[in-house]
Amino acid sequence: MGGTSESVGATAIQASMGAQRAWRPPDERRTLQLALATIWLFDGILQLQPFMFTRQFGTTMLAPTAHGNPNTVAHSITWASHFISDHAVSTDAAFAVIQILLGLGIAWRPSVKTALGASIVWSCAVWWFGEGLGGVIAGTAHVVSGAPGAVLLYAVLAVLLWPSDRGGPDAAFIAARAVGERAARIVWVLLWGGLSIVALLGPNRSATGLRDVVRDLGDGEPRWLGSLDQHVANVLGHRGLAVSIVLAVVLGLIALSVYLPLRPARAMVAVALMASLVIWIFGENFGQVFSGSASDPSSGPLLALVALAYWRRLPQAKATPDPCRELSWEGA
Amino acid sequence: MPHPTWLAYTFAAVMVAVSLYCIAWLIEATRRSLQNHMDVNISHVAMGLAMAGMLVPRLNLLPDGLWEAVFVAIALWFSWQGVRFVMHRSTRQSAGALHGLSHYLIHLVMALAMTYMYLAAVATPATARVGMSMTGPTGTTANFVGLPLLFVMTLFASAVWQLDGLSRYAPSHRTLVGAGILGDPGPDGARGSWETARAVRGEAPRPLESAAGASPSLAPRLEMGCHIAMCITMGYMLILVL
């Protein structure tokens, strides 16, 4: 029962009396892992919607993501969408089982590392074949509609919430525990800075680009949500460029805030949480889960999880090693 | 758009199995005079049978109106139990208090979710119904589609939380479940690591945190597994009515 402190469920000390690992309630990182597991489980069950078992899943949802991508990428996406269309029931059932198992695997402590690792591989595959690399290369990415591809954020979270303490258990924020503070800060800057840049690319620069994105969300949605979309679209009107500039500035400030002291950093994490919520509600219509054809809740909840992983902790005095901690099975 | 028949039968089979297990649990618990979680298992029997009937209509045992009354009653029961628990929380240990309150809340949510599903099903034309074939809620329930999403996320969160806690009842911890005072060695003489750590520090053993109710749990992992299965199935059915 020995092992390094970095591995899940292992104990650093093997007690001579044959003591067994104690179960400890989830800590902050484990709570975020469970939130990630919940979203994976939700994804898996969404994959069981009737629409997903039809040919239209491949032809109308997957195939269009090939447009605008380089030939190699486009051909692979087209091939995959045809294969899935021709074998709709079996492939969709497999996708659902995989995602449900990922969620349950992350939730069950003995398998958390395996599940997180598998989720990284699966996320990358879906980002390629299912989201067309998020439309980033194709130039169709919208910050308010899921850029850079919601599924990629699952992989990012899997890395940031990996159950290791490379950065030490008393790191400044949760994400720093797994990869160290420096690497975690770089990830934050790349993510939010990347979103800031995407906010000023292609269709985001047009006067009506944002309005068109929001207005088109209303199809197939409940009346109250469709009305909300129409209202927001009217407010955006021809101010798309101005709104995109403001959005880019806010996202850029969020990106740089990771280097700020405690209080301002916490304030900017709160801003990031608000931005995630705004994107999820007004730009993504809760991932369009009410339409009957959503495959995931989109990027909003995942951006919020990322933000929570960077919530600055109060500095604490170094504690002497606690034998309970050494013996305990934190599972995270 | 009707959902795949094989999927409905699969979920229905799981729900029937859960219901049968819970009935067996109730019989065994009665035989052993165990009191805790009786209400949970009774509600699981009802929910399992009701969901099986919604997924595969020929398995439906009661009229929809009667099922609605059953789940309203269950919701009121867990509401009452939750209120009683909160009013008496000063006498509870904090860890047990959190478990007890969440125990009542989640089953209240499940009962409300079942009630909602019957209301949403009633709103669709009867001729369009094939099991749970739904085109989405109509009528009054169409304006409350935010509610099933809230139910779904709560149920899935409960499922993963339970799964996270499953290892608490791993075979190596059998001796700790239901033990009055930690420190009693198990059948194989092994002691719990809490006690070991406390012994290292020279502290006296402390009582095991207690779940709601004083009597020990009967097959807690299976009970948690049933809860997880129910949460996932209920979540699936709610997604169909989003």
Side-chain angles (χ1 to χ4, degrees), chain A residues 9 11 15-23 25-26 30-31 33-42 44-46 48-51 53-54 89 92-93 96 100 103-104 106-110 112 220-225 286 289-292 294 297 301 322-329 331, chain B residues 1-4 6-7 11 95 98 133-137 142-146 148-149 152-173 175-176 186 188-201 228 231-233 235-236 238-240 242:
Chain A
T11 56
S16 58
M17 294 171 68
Q20 295 141 359
R21 295 174 292 198
W23 186 89
R30 183 58 180 159
T31 302
Q33 288 174 353
L34 294 179
L36 180 61
T38 303
I39 298 176
W40 270 118
L41 186 57
F42 187 41
I45 300 299
L46 281 175
L48 294 176
Q49 295 174 101
F51 169 82
F53 290 99
T54 65
V89 175
D92 187 65
I100 290 170
L104 297 180
I106 294 171
W108 193 43
R109 293 189 184 192
V112 62
E221 298 287 353
R223 277 197 305 270
W224 64 275
L225 203 47
F286 304 95
V289 295
F290 304 115
S291 66
D322 183 345
C324 274
R325 186 184 179 86
E326 296 300 327
L327 288 169
S328 68
W329 179 14
Chain B
M1 185 180 298
H3 58 158
W6 58 271
L7 195 55
F11 276 114
L98 185 61
S133 64
M134 295 291 178
T135 57
N143 292 323
F144 297 99
V145 288
L149 181 60
V152 167
M153 298 316 295
T154 304
L155 290 168
F156 288 163
S158 176
V160 302
W161 197 265
Q162 289 281 302
L163 192 53
D164 176 67
L166 205 66
S167 50
R168 186 201 305 231
Y169 300 103
S172 59
H173 297 158
T175 58
L176 304 179
D188 56 356
R191 292 172 184 264
S193 57
W194 291 316
E195 184 207 349
T196 302
R198 296 184 75 85
V200 166
R201 292 201 292 253
I228 292 166
C231 285
I232 292 175
T233 304
Y236 165 71
L238 283 165
I239 284 172
L240 292 182
L242 276 178

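Within every chain, numbering begins at 1; the chains are lettered A, B, ... in the order of the sequence lines, protein sequences first and strands thereafter.
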Atom pair CD1 (A:Ile45) and SG (B:Cys231), whose distance is rounded to the nearest 0.5 Å: 11.0 Å
Looking at CD1 of B:Ile239 and CG of A:Leu46, how far apart are the two atoms once the value is rounded to the nearest 0.5 Å? 4.5 Å
Only pairs of heavy atoms separated by less than 4.5 Å count here; which of A:Thr31, A:Ile39, A:Leu104, A:Ile100 has the most with chain B? A:Leu104
Contacts of B:Thr154 that satisfy side-chain hydrogen bond (donor to acceptor under 3.5 Å, both in side chains) - sequence neighbours left out: none
Chain B contact via A:Phe42 - which portion, at a heavy-atom distance below 4.5 Å: both
Is it the side chain or the backbone of A:Ile106 that comes within 4.5 Å of chain B heavy atoms, both, or neither? neither
A:Ala96: which residues meet the side chain to side chain contact (heavy atoms under 4.5 Å, CB included) condition with it, sequence neighbours left out? A:Gln47, A:Leu48
